[in-house]
Each structure stands twice: as structure tokens, then as C-alpha cells.
Protein chains: 2
Amino acid sequence: MDIRDIAAKSGYGVGTVSRAINGQPNVSERARERILEVMAELGYEPNVNARYLKMRTQTPVAVFVTGVGNRLFDDVIGPLQAELVREGEDIVVTYLEDGSNVARAAAEYQLARHPKGMVFLGGDPECFRTSFQEVGAPAVLVTSSAEELALPNLSSVTIDNEAAARDAVAHLCERGHRRIGVVGGSRDGGQISSLRLRGAEDALRAHGIELDYERDYEPCDFIEAGGFEAAGRLLDRAPDLTAVFALGDVVAFGALRAICDRGLTVPGDVSLVGFDDTSLSQYSVPRITTIRQNAELLGRRAARVILDGMGGASATHELVPYELVERESVRTV
Amino acid sequence: MDIRDIAAKSGYGVGTVSRAINGQPNVSERARERILEVMAELGYEPNVNARYLKMRTQTPVAVFVTGVGNRLFDDVIGPLQAELVREGEDIVVTYLEDGSNVARAAAEYQLARHPKGMVFLGGDPECFRTSFQEVGAPAVLVTSSAEELALPNLSSVTIDNEAAARDAVAHLCERGHRRIGVVGGSRDGGQISSLRLRGAEDALRAHGIELDYERDYEPCDFIEAGGFEAAGRLLDRAPDLTAVFALGDVVAFGALRAICDRGLTVPGDVSLVGFDDTSLSQYSVPRITTIRQNAELLGRRAARVILDGMGGASATHELVPYELVERESVRTV
DNA sequence: CGAAGGGTTGGAAACGTTTCCAATTGGCTT
DNA sequence: AAGCCAATTGGAAACGTTTCCAACCCTTCG
């Protein structure tokens, strides 16, 4: 079934039918009604391939997710999609195995599909530097800042990771902790790792403590298993630690397990603070004190940025508020 | 840039170029080499819109996920995608707000995009009955069985939910529990709820206990918050319960929290068994005894079914093995 | 009354592929 | 030398839209 079938059956020309379908002007009320009626009757659906071929754009909005299993991203997608569909846009999600090739994948996708917009959940700004020079569509990087890249179409929405990590660790220091371990990310890892690590370092230094990376830090991927193993190694190496700061909730969750496995309790023996405020930290036993990234806000803002970008707005770099939410995993010593 | 540019520059016709690009026969080695060379030189990428318009097919494989936040599905997507890309297929994921409209969404998508294959993560077979009559592409339903629907192109891969639930509850009964509560799903909910509920009922009956739905059952959505609230209500109503069977790990996780909130311990005061074996039950404190659904196997099998279906195979209904994994949340009374 | 102009309309051209068919080539066979 | 056949090739047609332009019909105005 074709737009021509609709034209024939409704008694109008294809041009008029096309205009009617797309809500364009220069169609009489009479014609519009008749055409819509015939469309409904025949159950006609426009062919997106033909449409996008002609319009030279394609897939509504492409979302790239790197790091399957990052709970925060799962929580961002819902609101993001909701906001976009409310404006009549659709999204299509692609999972990327490895965060490092995100820009390459995106570039290929863009070349091939010409999406209207692109959203990156995770992925390090660095990798956009080389291979993402000419973005055709508005793009937004969520949870990392792309400000210093200053690419014309690449926006970002994120919290101030450094300040948040500083607050998290200061929280521990203020409660009397002096032997504090850090787990997650990696020293020469992406922006997020670096920023959070630097924030932690700063807070410690402000309290007269120098972070000994050799002894009190253990890197790992942002998955439960990573946190479990890294915290295990850290605890075995430095049993006098009274607190652990995990660079992400999933890491904290794994760390919690590792702590318990050694017969220690949280917060009795070691205090724990996470980062992200996913459902993991809300429902774990004990509940974990963490930095709240407002997933809903992140999702909605990202959607807005894309929408505005499609409307011609230039790239922006938003900082959304964060919050330290105190729960039961930190003890005053 | 066009296929015609490649044709012109390489000195061959568009037909030959097209054949060379698609690895079809009837292209001399000489021509193929030259054409590939020119393509690389010009950085040419075929336009998928034009291609799919002509081929009358589109998006590689469409994946529909219903119920954001279901950890099991997150774990299935990775292996699914891995298997598919290994065969040169790509996937595109769409999140559906509400499980009930999955068939409608799929039908629309199919009409508009003509995907090569479709996979449904979650979604109840019932909703496919009416609106999914003529599937053009092979489709597979994961975690529910579509066997009784007997649709020509709709396959399914799932575990035997009823038997697994029976095993889970029997496990509790064999350890001396007589007052067992059940949380999650709903009585007139989808296939999964029904099957697991029936399995629980059967196991109880085999041990001389009749499940009192009014008193010992509390329905809820498959999210942490649901489990938390439902288990809370259940516990308040029937404080003499010594064990709880949750219809999903996320529900169990929420329930664990509710139990602890009431000053009770797991497994000291109440034993708990979950269902799915997501990372939640592996890392929680205590670790939760649960039914393992092998996410990787589910994902890989689903991919296989789609691949075979594209090769012309007809619908199959696979049952993959499950396993009761004993951890620390069940006590013998 | 003729011209001008705004709102509609129809249809051809174009978007970038794949595919079909006819034409060409070159090596064998008879 | 002529005839065949297979392998290769070129190019037109088609896929289903959108858009541009010309044509048309009314009003309205000078």
C-alpha cells in the first residue's frame, strides 16, 4: 500500500496527500478530512525508508548506552524517552560493548542513518575529540561534561562530579574517619573517574590527609563484581581502614558484600559511601549513604537539549544539582 | 556522495559497484578490488534508507524491552547482541513503558520499519493473540512461552516457570517451613505470574498446605519498591510467617529491606527465596537463594532462533534449564 | 470588466539504492 | 571459422516518499 493508493481512493493527488499526512499548510479542511478518513480505512502507514531517504534524515533520536549494567543509565532512559515521545519523537537505543569506541560507532551510525539527534549515556568525552568533528545532528553527552571540547553540536548535562566526590569524602572526614579507602574507576580512566578521584583527594587533603594511591586505592570497573573484588583486595591490604568511598553505587554494593564476607559490619566496622543513588543503595541492607544523581532530571534535561538543538539552539553545558543523601552506612567514630 | 560517484571514479557501472559492495557473485576479482579501493579512498558509506527502501526490509533486529528496571533483561541483552553481531546483524532496542501494548507497538514498528527480526524481552503472550496475526519477520518471546498461541513466526525461549517455582517452594517446605508467604506479580497477571504462583501453590499442597491468597499472598510489580511495600503489608498482616517466596529477585530485594526494617533478620527470623538470579541476589547481604535463569543462555538462544528464522526455519519453543542456587537466605527450622 | 493575488491542487523530479535484463567479452568446442 | 556458453558488465526501472513548480479557481480591487 502506497501513498498513491490513498491519493487514488481519496480523489486527490499525491502532493496533497503528503501535505495532509504531514500537517502542512495549503490543504483544505475538506481534503484533509477525506484523506485522513481513507488512511484510517485502509490502515495505511507511511514507509519510513522512503520518507527518510527523501528527507535525508533518519532514525528519530539515537541513544547510545555504554556499560550495560550501570543502573543509573537504566533509570535515565525512562524519563528521557517519556519527554521525547511527548514531543512526538521516538528513540532507538544501541548498546555498546566497550565505552571506548562510542564515538566511532556514533560516527558510523550517523553516516548511515542520519539520526535527528544523539544521546550518549556514559562514554568519555575524550573519545569524541578526534573522530566526532562534524556532528550533523545535535548530540548530548549525559553524566560527563563536554564543555572543554567545545564541539559545535555536542552538549552535555552532568553534575559536578568533583564537588560531589569532595562532599562525599568530607562527610566521612567530618565524622572522624582518618583511614579512608577508595574503590572504583581507574587513575588514568575517563573523566568521571578522574574527577571523582580528584574530589576525594581534595577533601582528604583539606583534612590533612594525603591519599596514598598505592595503599588506599583500588581501581575497578563499574560493576558489582568489580567492587567486590577491588574492595576485597583493599581490605586485605589495609585492614585498618574505617571507611570506604566507592566511586559508584554498583561498586559500593559489591564492596558491601566484600566487607561482610570478612566478618565485618557496615557501619559498625567500616563506613561506606557510594555514588549515584540507584535502587541498589536505597534497598540494600544497610542502606548506603550516597550522592544522588537525579536520574529523572538528567533524562529530562537531556531530552530538552536535543529538542532545543533540533530547533536550532547551539550546544549548552548544563550542570544539574546533586545531593548527599545520608542513610545508614556511615558511623561517627 | 553516491554509488554513482564510486561507479564513475572506479570506471565501472553502478550495477557492478552494487554487487561488489554486497559481496555478490558475478564481479571479477579485478573489479572488486578496484571498487573497494575507491570506496575506501572516498570514505563512502551506503545510504541505508535507500537500501532498505529498495530491499523492503529495514532495521536489522528490533528488540523490545518492557519493564525498565528488570535486571534480568539487562543481563540478557548483552549476550543477545553479542551473538547477533557475530553474525553480522545489528540490533536496535526500544523500551516500552507498559507491557500491555507491546504487540501494538511491535505491529506498528513492523509496518513502518520492516525489521529483519524481533525479540521481546518480557511482555505477555496473551497480548500477541489478537494484534499480532501476520508477523512478517521471525520473532521470539523471551522468558514467556508462546507455545499455545501457535503463531507461525513467533518462537519462544523460556524456562519452565511452574516447575521452577515448585522447586523453590519445595525447598522451603523441605527445610521445615509451614507458614510461607508469597509476594510479587498478580493473580490475574500475565503468564509468568500465573505459572510461578501455580508452582508455589502445587508445592505447598504437596506438603499438605493450602495457599491462602487472602492472607499469605501480596501482589506487586516487579520493581524493588513493589517488593518492599508488598512484603511490608504481608508481614504486618501475618507476623507468624517464617518464610517468603518472592516471584522475582528485585521483589526479593525489596522484601529483604522490608523484613530488616521490622527488626527481623534473614534467615534468622524469616527465610527468603527469590527468582532470576540477577546480580541483586548474588551480592546482597545476605545472599539470596534463588532460581537461576541463565541470562546468557537465554540471550544466545534467542539470537539463534532469530538467525535460524531468518534462514527460513519455522517457530520453535525452547525450554532452557534452570537451577536452584542455594545461598544464605534460607534456614532449616 | 480585466488584472492581481491568495489559497488549493496535481504531478514530475529527485532521494540513493538494488535488481533485472540485455549486451559484451573471451574461451571452448565442433 | 563459426557457434556456444559462462562470466562479466552497464544501465534502466523501481522502491515510496517529499518538494517544487505550474496550473487552477475564486475573490477582491482598481
Side-chain angles (χ1 to χ4, degrees), chain A residues 1-39 42-60 88 90 108-116 136, chain B residues 1-39 42-60 90 108-116 136-137:
Chain A
M1 174 152 30
D2 221 284
I3 197 174
R4 282 181 289 254
D5 295 320
I6 305 298
K9 177 140 188 174
S10 67
Y12 287 93
V14 293
T16 305
V17 173
S18 175
R19 281 185 293 264
I21 292 175
N22 297 295
Q24 288 177 9
N26 294 335
V27 178
S28 64
E29 205 42 54
R30 194 178 135 73
R32 193 184 306 281
E33 270 172 29
R34 174 69 186 136
I35 289 168
L36 260 26
E37 184 186 316
V38 171
M39 275 171 56
L42 265 47
Y44 164 81
E45 292 278 343
N47 177 306
V48 296
N49 292 308
R51 164 174 290 169
Y52 291 141
L53 169 61
K54 184 61 194 178
M55 310 227 290
R56 319 175 106 219
T57 176
Q58 215 223 66
T59 313
D90 242 2
E108 276 176 20
Y109 193 92
Q110 169 162 291
L111 239 31
R113 313 288 231 268
H114 300 288
K116 280 196 207 164
Chain B
M1 174 155 31
D2 220 88
I3 198 174
R4 282 181 289 254
D5 295 321
I6 306 298
K9 177 139 187 177
S10 66
Y12 287 91
V14 293
T16 305
V17 173
S18 175
R19 283 185 292 264
I21 291 174
N22 297 294
Q24 289 176 10
N26 294 335
V27 179
S28 65
E29 204 43 53
R30 194 177 138 73
R32 193 183 307 279
E33 270 173 27
R34 175 69 185 137
I35 289 168
L36 261 25
E37 184 186 316
V38 171
M39 277 172 55
L42 264 48
Y44 164 80
E45 292 278 343
N47 177 306
V48 297
N49 292 311
R51 165 175 290 169
Y52 291 141
L53 169 60
K54 185 61 193 177
M55 310 225 291
R56 320 176 104 227
T57 177
Q58 215 224 66
T59 314
D90 242 2
E108 275 176 20
Y109 193 92
Q110 170 163 287
L111 238 34
R113 311 288 229 269
H114 300 287
K116 280 196 207 163

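Here is the naming used below: chain letters follow the sequence lines, and residue numbers restart at 1 for every chain.
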Q) What is the distance, rounded to the nearest whole Å, between atom CD1 of A:Ile35 and atom P of C:dT8? A) 13 Å

Q | Contact under 4.0 Å: A:Asn47 side-chain N or O vs D:dC15 OP1/OP2 | A | no

**Q.** Under 4.0 angstrom between A:Ser28 side-chain N/O and C:dT9 OP1 or OP2
**A.** yes

**Q.** Any A:Val14 side-chain heavy atom under 4.5 Å of A:Ile6 side chain
**A.** no

Q. Rounded to the nearest 0.5 Å, what separation is found between the OH atom of A:Tyr12 and the CZ atom of A:Arg30?
A. 5.0 Å

Q.
Return whichever of B:Leu53 or B:Arg19 has its heavy-atom-nearest nucleotide of DNA chain C closer to the 5' end.
A. B:Leu53

(Q) C:dT19, OP1 or OP2 - any side-chain N/O from B:Gln24 closer than 4.0 Å? (A) yes

Q. Quick one: is B:Ser18 getting a side-chain N or O under 4.0 Å of the C:dT17 phosphate, OP1 or OP2?
A. no

Q | Between P of C:dA14 and CG of B:Asp2, the distance in whole Å | A | 13 Å

Q: Can you figure out which of C:dT9, D:dT17, C:dT18 approaches the side chain of A:Tyr12 most closely?
A: C:dT9

Q: Measure the distance from CD1 on A:Ile21 to C1' on D:dT17 and round it to the nearest whole Å.
A: 9 Å

Q. Taking C-beta and beyond as the side chain, do B:Ile3 and B:Pro46 meet within less than 4.5 Å on heavy atoms?
A. no

Q.
When you measure from the side chain of A:Ser18 to the backbone of A:Gly15, do you find a donor-acceptor pair of N or O atoms at a distance under 3.5 Å?
A. no

**Q.** Interatomic spacing from CD in A:Glu33 to OG in A:Ser28 - rounded to 0.5 Å
**A.** 9.0 Å

Q) Taking for each residue the nucleotide of DNA chain D bearing the nearest heavy atom, is the 5' side occupied by B:Lys54 or by B:Glu29? A) B:Glu29

Q. Over how many whole Å does the gap from B:Ile6 atom CD1 to D:dG10 atom C1' extend?
A. 17 Å

Q: May I ask you to decide if B:Asp5's main-chain N or O and B:Asp2's side chain share a donor-acceptor pair within less than 3.5 Å?
A: no

(Q) Rounding to an integer number of Å, can you tell me how far A:Glu45 CD sits from D:dC15 P? (A) 20 Å

Q. Between atom CZ in A:Arg51 and atom P in C:dT17, what is the gap in whole Å?
A. 21 Å

Q: Establish, with yes or no, whether the OP1 or OP2 oxygen of D:dT17 is under 4.0 angstrom from a side-chain nitrogen or oxygen of B:Tyr52.
A: no

Q. How close or far is atom P of C:dT9 from atom CZ of A:Arg34, stated in whole angstroms?
A. 13 Å

Q.
Nearest heavy atom decides the nucleotide; on that basis, is A:Val14 or B:Arg32 closer to the 5' end of DNA chain D?
A. B:Arg32

Q. If you check every side-chain atom of A:Met55, which of D:dT18, C:dT19, C:dG10 has the closest atom?
A. D:dT18

(Q) If the cut-off is 4.0 Å, is A:Asn22 near the phosphate of D:dT18, judged by side-chain N/O to OP1 or OP2? (A) yes

Q) In terms of side-chain heavy atoms of A:Val27, which of D:dT9, D:dG16, C:dT9 is nearest? A) C:dT9

Q) Expressed in angstrom and rounded to an integer, what is the separation of B:Asn26 atom CG from C:dA23 atom C1'? A) 14 Å

(Q) So B:Ala7, base contact, sugar-phosphate only, or nothing? Heavy-atom distance under 4.0 Å. (A) nothing

